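Please read the structure below before turning to the comments.
Residue numbers count from 1 along this sequence. Computed from a prediction, not measured in an experiment: that's the story for all the values here.
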Amino acid sequence: MPLTSPYNFVPINRQVYYPSWGHLVSMDVPFEDGEDGFIEVTFKNVSPLFTRNGARQERDPKKKETLTSHIVEDNGKRRYFIPASTIKGMLRSTLEIMAFGKINESEHYSNRWFGYRDIAQETAESKEYINKVRQGRPGWLSKKGNQYFFTECDGELDKIPIETLEQDFPGHTNRDRTSIWEVNCSVRKDQYDNPVYPIYRKGKTEYQIVCSGAMGGKLHELLFPNRFKQPIELDEITIKAFKSVYEQTKDFNKFITALDRKQKVPVFYLFVDGMKFPVIGLSRMFRIPSKNSLTDMIRKEQDEQKDASLDLCETMFGRTSGNLSLKGRVQIGHAFALDQVDDKQLVPVEGILGQPKASYYPLYVKQNKNPYKTYDTGTALSGRKIYRVHKGATTTSLPQPPRGRNNMSNVFYALPAGTTFKLRINVHNLKKVEIGALLSALTIHETEGVFHNLGLAKSYGYGKLQIESVKLHMLRHSSDDYELAFEDAMDEFLSTSEGQETRWCDSKQLTMLVNILSEHEDKDVKLMTLKEYSFYKDTDNWAKLKEDNAPLFSFKYE
């Protein structure tokens, strides 16, 4: 049974290429060898294409029906285009791979931790998890200004039978509620919909009732002792991990809102061996954050960033993050369709547009051999994710919602395959290497049989692009000269940074990029079924996806 996926990963480059002229970049002071001009690009979409940016809802908005990006001209006809921001993102992400760019938190990802919970009690890992969470101490999370505090309960946790709870609070049942918030509110809530945790006396001890969510066969809810120890001030990393683990939980934002309103929230507090910070959870069997965040995993593969230094993409396209802002010297226009497209030619597409999640560590964490690595045990991420290109104009069907759940489905109308677009890229004060880098990103260094992809539903084959012509205007050299200058710069960088004569064209980053952007059979890019996922999980066979079936390729300049 082959391991298939609509995406694959380009290995992360450890060393970053910082152009020697990066600190001299200016919009006002030209380089001695800087050039101004523009590049005219003609391309077509090989498969149907949809871009959301700039699109307006049409027809029935309840069905989420939209047309691809367009403007309405004076004659009432629609003129379709691909937004400049979409093309810029496509080119920049490609060049970041080709030119060994940075991976910045603010630019490329949001740092987060992924949580796990294992209560099956069938494995050693599950038993270890249960032993850990039983050590968690009950208490209350609160907020004062921008600072968070944990106040531990002074005493031991106890339980109240659900039958007793329902007798004391008639009409307030928690059996049919689906989230922790709903269960707490099912006991009592205030005028702002915040949970109220009633006082309950058991013998001589006073408690507060805390409900922790519905679960099949559950017989008890929790009693938090109504005595407290001194508050503990929590550091920023503890709160970030807590929020990132629970942010997808139903109604979690209501807990955050309650904290902002100076309400307290019941939590469990635990120190875990190997963790640099304490763990906070919302229920007794809470999710424990992974020991490594996304940033931790990336820094295992790519050296710490030099914030003041610019990589090649930043020198060309600009930068707005960090302590330095810089306007880009490459201005990309909208790519307008040259053909008039009638409404009847648009391709209707309907289905669920789910996104791959980085929490799925068997693919997102680099795997070497069994057992598979997790965000606790892994040494690095698999790399930069890129969607693989489908063969020809083929697309695969989007998943359909379960019967009666049509609100989960999206409907959009894509441009038909074969639409021709024209694009203009203005360049200002670019050096020869930079122009070559831009051209190489456009054409994947003049490589035959490779394609770009952009827009919505790339994983299902939509948005496949083929460059047809690239014309230079008001520039001094030919395309070949510019691209050779870029290739020479990359060869020199590799020879000095890697300490060996590694050709850029033979680098693992460029080789994998070209293979991913080459055509793949439909059977190789399909999403695996739950049965297939279970097979690989049960057999611990999570070898990294390979590109063995990709066609052989060769570069123009060999």
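When every heavy atom of K291 is checked against every heavy atom of W113, the shortest pair comes out as O-NE1, 4.5 Å. Annotation for H452 and L442: closest pair NE2-O, 2.9 Å, computed over non-hydrogen atoms. The shortest non-hydrogen separation linking H520 to I516 is CE1-O, 3.1 Å. Considering every non-hydrogen atom in both D311 and Y18, the closest pair reads N-CD2, 4.0 Å. Of all heavy-atom pairs spanning A457 and L353, the tightest one is CB-CD2, 4.0 Å. Shortest non-hydrogen contact noted between S507 and L494 is CB-CD1, 4.1 Å.
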Stepwise side-chain contact (heavy atoms from CB on, under 4.5 Å) test for T374 and N292: CA-CA 9 Å; T374 69; N292 295 307; over 6 Å; no
Check against side-chain contact (heavy atoms from CB on, under 4.5 Å), Y460 and T394: CA-CA 9 Å; Y460 300 99; T394 61; over 6 Å; no
Audit row: V265, L282, side-chain contact (heavy atoms from CB on, under 4.5 Å) steps and yes/no: CA-CA 8 Å; V265 171; L282 282 178; 4.1 Å; yes
Test log, rule side-chain hydrogen bond (donor to acceptor under 3.5 Å, both in side chains), inputs D260 and T257: CA-CA 5 Å; D260 291 337; T257 300; 5.4 Å; no
Pair I386-N8, side-chain contact (heavy atoms from CB on, under 4.5 Å): steps then yes or no: CA-CA 6 Å; I386 302 181; N8 207 338; over 6 Å; no
side-chain hydrogen bond (donor to acceptor under 3.5 Å, both in side chains) assessment of S69 paired with T51: CA-CA 6 Å; S69 302; T51 54; 2.9 Å; yes
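Distance alone, capped at 3.5 Å, is enough to place a donor-acceptor pair between the Q367 side chain and the Y361 backbone. Listed for the R287 side chain is no donor-acceptor partner under 3.5 Å among the backbone atoms of F242. Without hydrogens or angle criteria, Y462 side chain to V349 main chain gives no donor-acceptor distance under 3.5 Å. Side-chain N or O atoms of Q147 include one that pairs as donor or acceptor with a backbone N or O of L234 at under 3.5 Å. Judged by distance alone, the side chain of K464 and the main-chain N or O of G461 form no donor-acceptor pair under 3.5 Å. A distance-only check finds no donor-acceptor pair linking the side chain of N453 to the backbone of K458 [under 3.5 Å]. No donor-acceptor distance shorter than 3.5 angstrom exists from the side chain of E487 to the backbone of W504, with no hydrogens or angles considered. E492 places no side-chain N or O within donor-acceptor distance of the main-chain N or O of A489, the cut-off being under 3.5 Å. At distances below 3.5 Å, at least one donor-acceptor pair connects side-chain atoms of S293 with backbone N or O atoms of D296. Not a single donor-acceptor pair under 3.5 Å links the side chain of T377 to the backbone N or O of K373.
The CG atom of L456 lies 7.5 Å from the CG atom of N410; values are rounded to the nearest 0.5 Å. Between I288 atom CD1 and K132 atom NZ the span is 5.0 Å, to the nearest 0.5 Å. In this structure, CE on M297 lies 9.5 Å from NZ on K366, to the nearest 0.5 angstrom. One distance of note links CD1 of I298 with NZ of K102; it measures 13.5 Å at 0.5 Å rounding. Rounding to the nearest 0.5 Å gives a distance of 5.0 Å between CD1 of I280 and CG of L141. Atoms OG1 and CG, on T315 and L24 in that order, are 11.0 Å from each other to the nearest 0.5 Å.
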Please tabulate, one pair per line, all N/O donor-acceptor pairs under 3.5 Å involving side-chain atoms of residues 91-101, not counting sequence neighbours.
from : atom 1 : to   : atom 2 : distance (Å)
R92  : NH1    : G318 : O      : 3.4
R92  : NH2    : G318 : O      : 3.3
S93  : OG     : G89  : O      : 3.0
S93  : OG     : M90  : O      : 3.0
T94  : OG1    : M90  : O      : 2.9
E96  : OE1    : H108 : NE2    : 3.1
E96  : OE2    : H108 : NE2    : 2.8

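When the side chain to side chain donor-acceptor pair (under 3.5 Å) test is applied to K508, no partner is found at least two apart in sequence or on another chain. The side chain to side chain donor-acceptor pair (under 3.5 Å) check on K300 picks up nothing, with sequence neighbours excluded. By the side-chain contact (heavy atoms from CB on, under 4.5 Å) test, K327 pairs with M27, sequence neighbours left out. With sequence neighbours left out, the ring pair (Phe, Tyr, Trp, His ring centres under 6.0 Å) criterion links Y17 to F493.
Taking the six-membered ring for Trp and the full ring otherwise, the centers of F9 and Y364 sit less than 6.0 Å from each other. Ring centroids of F486 and Y482 are separated by 6.0 Å or more, keeping the two rings apart.
Between the side chains of S518 and N515, no donor-acceptor pair is found at a separation under 3.5 Å. H428 and Q331 share no side-chain donor-acceptor pair at under 3.5 Å. With 3.5 Å as the limit, one finds no donor-acceptor pair spanning the side chains of S290 and D376. Side-chain contact of N13 with R384: a donor-acceptor pair under 3.5 Å is present, judged by distance alone.
Y387 and Y7 have perpendicular rings, their planes meeting at more than 60° on a 0 to 90° scale where under 30° would count as parallel.
Annotation: side chain of F421 is in contact with side chain of I82 (closest heavy-atom distance under 4.5 Å). Counting heavy atoms from C-beta outward, E301 and L381 have side chains that stay 4.5 Å or more apart. M512 has its side chain within reach of P11: a pair of non-hydrogen atoms, C-beta onward, lies under 4.5 Å apart. Side-chain contact check for K526 versus D522: every heavy-atom pair is 4.5 Å or farther apart. Between H390 and T395, the closest side-chain pair of non-hydrogen atoms is not below 4.5 Å. Residues L270 and F286 are in side-chain contact: their nearest non-hydrogen atoms beyond the backbone lie under 4.5 Å apart. In this structure, the side chains of I103 and I12 come closer than 4.5 Å at one or more pairs of heavy atoms. Residues K143 and F149 have side chains not in contact (no heavy-atom distance under 4.5 Å, counting atoms from C-beta outward).
Counted within 6.0 Å of CD on E236, heavy atoms from surrounding residues, nucleotides or ligands total 12 or fewer; the atom is thus considered open. A 6.0 Å sphere centred on CG of N131 holds more than 12 heavy atoms belonging to other residues, nucleotides or ligands.
Under a cutoff of 6.0 Å and an axis angle of 45°, K431 and F31 form a cation-pi pair.
Applying the salt bridge (Lys or Arg N to Asp or Glu O under 4.0 Å) test to every pair with at least one member in residues 389-402, sequence neighbours left out, gives these pairs: K391-E521.
Remark: E434 engages R329 in a salt bridge, criterion side-chain N to carboxylate O under 4.0 Å.
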